[in-house]
Amino acid sequence: MIFVTGGAGFIGSNFILDWAAQRREPVLNIDALTYAGNAENLAAIAAAKDDGTYRFEQVDICDEAAVSALFATHRPRAILHFAAESHVDRSILGPAEFVRTNINGTFNLLQCALAYWKSLDADEAAAFRFLHVSTDEVYGSLGPDDAPFSETTPYAPNSPYSASKAASDHLVRAYFHTYGLPVLTTNCSNNYGPFQFPEKLIPLTITNALEGEPLPIYGDGKNVRDWLFVGDHCSAIALVLEKGRPGEVYNVGGMNERTNLEVVHTLCATLDALRPKPSGKYADQITYVKDRPGHDRRYAIDATKLTTELGWKPAENFETGMDRTVRWYLDNQPWVAHVKDGSYRHWIERQYADRGGADDATVEVLEGHPT
Ligand code: NAD
Ligand code: TYD
């Protein structure tokens with residue numbers, strides 16, 4: 001069997017659903033069910049798989065005794081580590097949880113995996129993998145003409161989130177070099193798709209648009225991200241698990257650089273076509289708000305190593321992926337209603353209440369760059 005940590009979150013649940021649709025190898029999902037974890041994401045598979053091929057354990061990855069016991073009981077051939085605190089804005093308001101889960105949690109998993117790996121016979125030990133799922137944000141921010149991030153770009157994390165992920169990447173690397181633990185690391189660009197928690201730009205925009213709420217754009221809206229449909233990230237992870245060379249890092253990206261304004265306008269146009277408003281356009285709800293502190297200007301990924309060495313190719317382009325995503329949110333309104341609960345509303349209040357409209361400096365920039 002394989003272990004998946006954070007399998008009740010956005011990418012982890014997509015990974016488990018895709019894995020179960022394609023293979024029969026059992027999966028154990030290890031997730032603490034924080035605000036970002038949602039067992040409902042896996043309801044279909046939990047109901048369909050009564051043969052033990054899908055199991056769930058509500059365990060904190062920092063809990064050494066519980067994680068060690070899971071290794072001893074289930075004897076996995078691999079662990080895929082998705083569990084993390086993942087939202088940059090939350091890391092700005094409360095960095096401690098990011099240090100705890102992303103750094104201490106990864107350290108604990110490495111310790112438990114290492115002890116287990118040392119107990120395996122030679123063939124099992126050679127086949128074992130620890131796959132660490134990380135982000136392109138560890139590389140910092142690019143200028144408009146800089147080359148995209150490659151696997152050899154020096155680390156320069158700028159937010160507590162990216163700094164905590166960078167620390168975890170370094171620990172993973174060290175366990176290979178020092179102890180020989182067969183690790184793999186993937187650094188991926190921004191994901192979007194079904195089951196993404198509506199604190200992130202794309203689901204926040206879709207769900208706010210449908211509720212007639214403002215669509216908040218930080219600063220001048222010209223920050224650039226590379227966007228990848230979540231299913232393509234999952235196929236890359238499965239391929240790296242199967243064919244990646246232990247100790248190696250693989251960058252994963254969509255070759256889809258867009259400004260935040262382009263993303264939001266694409267979403268609005270898609271909604272205008274699929275669910276027109278009685279009057280006006282969704283883009284009328286766009287509202288400029290105060291910028292995120294330390295906001296990275298541009299991310300871009302060079303995924304040549306993954307495409308040439310392992311033969312990975314994304315199935316979706318930006319337009320098809322966005323269309324699928326908008327349709328999923330339109331078709332899954334009960335899921336949206338459940339996750340936008342009391343604690344979600346509390347977060348939105350805390351995050352956006354004192355942002356107001358654009359501050360003066362931003363307004364000057366906006367006037368120079370009409371949308
Ligand atoms: P998410 O926030 O949607 O889900 C995180 C999951 O981890 C949740 O189910 C949560 O309950 C669980 N979790 C958190 N703390 C835990 C703990 N201490 N013990 C056990 N479980 C815990 O995150 P996501 O967007 O699915 O991201 C998954 C991974 O992919 C993260 O490591 C993230 O850094 C990385 N990543 C994300 C993106 C993106 O665009 N979302 C891009 C590149 C890499
Ligand atoms: P986000 O989805 O939080 O991902 P990340 O910060 O990890 O890239 O944000 C994507 C981009 O959208 C980022 O440049 C910040 C911007 N953004 C807004 O303009 N408004 C918002 O309300 C949010 C949540 C993000």
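Please read all numbers here as calculations on a predicted model, not as lab measurements. Whatever order the structure lists ligands and atoms in, that order sets their numbers, starting from 1.
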Discussion item. Side chains of D136 and S189 only: does a donor on one sit below 3.5 Å from an acceptor on the other?
Written reply: no
Worksheet item: Under a 4.0 Å heavy-atom limit, does Y161 contact ligand 1 with its side chain, its backbone, both, or neither?
Response: side chain
Fill in: Minimum non-hydrogen distance to atom 29 (C) of ligand 1, winning option of F195, F82, Y192
F82
Item to complete: May I ask whether V59 has any heavy atom positioned less than 4.0 angstrom from an atom of ligand 1?
Response: yes
Practice prompt. Assess F197 for proximity to ligand 1: is some non-hydrogen atom of it under 4.0 Å away?
Written response: no
Worksheet item: Near R55 CZ, under 6.0 Å, is it more than 12 heavy atoms from other residues, nucleotides or ligands?
Response: no
Discussion item. So for Y352, does at least one of its heavy atoms come nearer than 4.0 angstrom to any atom of ligand 2?
Written reply: yes
Worksheet item: Looking only at heavy atoms of Q351, does any of them come nearer than 4.0 Å to an atom of ligand 2?
Response: no
Item to complete: Determine whether more than 12 heavy atoms belonging to other residues, nucleotides or ligands lie under 6.0 Å from atom CZ of R173.
Response: no
Fill in: Partner of E124 by salt bridge (charged side-chain N to carboxylate O under 4.0 Å, His left out), out of R77, R75, R129
R75
Discussion item. Looking at E349 and R355, is there a salt bridge between them, counting it only when a charged N and a carboxylate O are closer than 4.0 Å?
Written reply: no
Practice prompt. Mind checking whether H87 contacts ligand 1 via backbone (N, CA, C, O), side chain (CB onward), both or neither, at a 4.0 Å heavy-atom cut-off?
Written response: neither
Discussion item. For the 3.5 Å polar cut-off, considering only N or O atoms, please tell me whether P216 and ligand 2 meet it.
Written reply: yes
Worksheet entry | Which residue and heavy atom of the protein sit nearest atom 15 (C) of ligand 2, plus the separation | H295 NE2, 3.4 Å
Discussion item. Assess, by modelled atom type and distance only, whether the side chains of Y218 and N260 contain a donor and an acceptor separated by less than 3.5 Å.
Written reply: no
Worksheet entry | Y250 and N187 side chains, donor-acceptor separation under 3.5 Å | no
Discussion item. Taking a cutoff of less than 4.0 Å between a non-hydrogen atom of the residue and any ligand atom, is C62 in contact with ligand 1?
Written reply: no
Discussion item. Is there a polar contact, in the sense of an N or O pair closer than 3.5 Å, between C188 and ligand 1?
Written reply: no
Worksheet item: Do any nitrogen or oxygen atoms of D60 lie less than 3.5 angstrom from nitrogen or oxygen atoms of ligand 1?
Response: yes
Discussion item. For L204, which part has a heavy atom under 4.0 Å from ligand 2: side chain, backbone, both, or neither?
Written reply: side chain
Discussion item. Heavy-atom distances under 4.0 Å decide this one: backbone, side chain, both or neither, for R225 against ligand 2?
Written reply: side chain
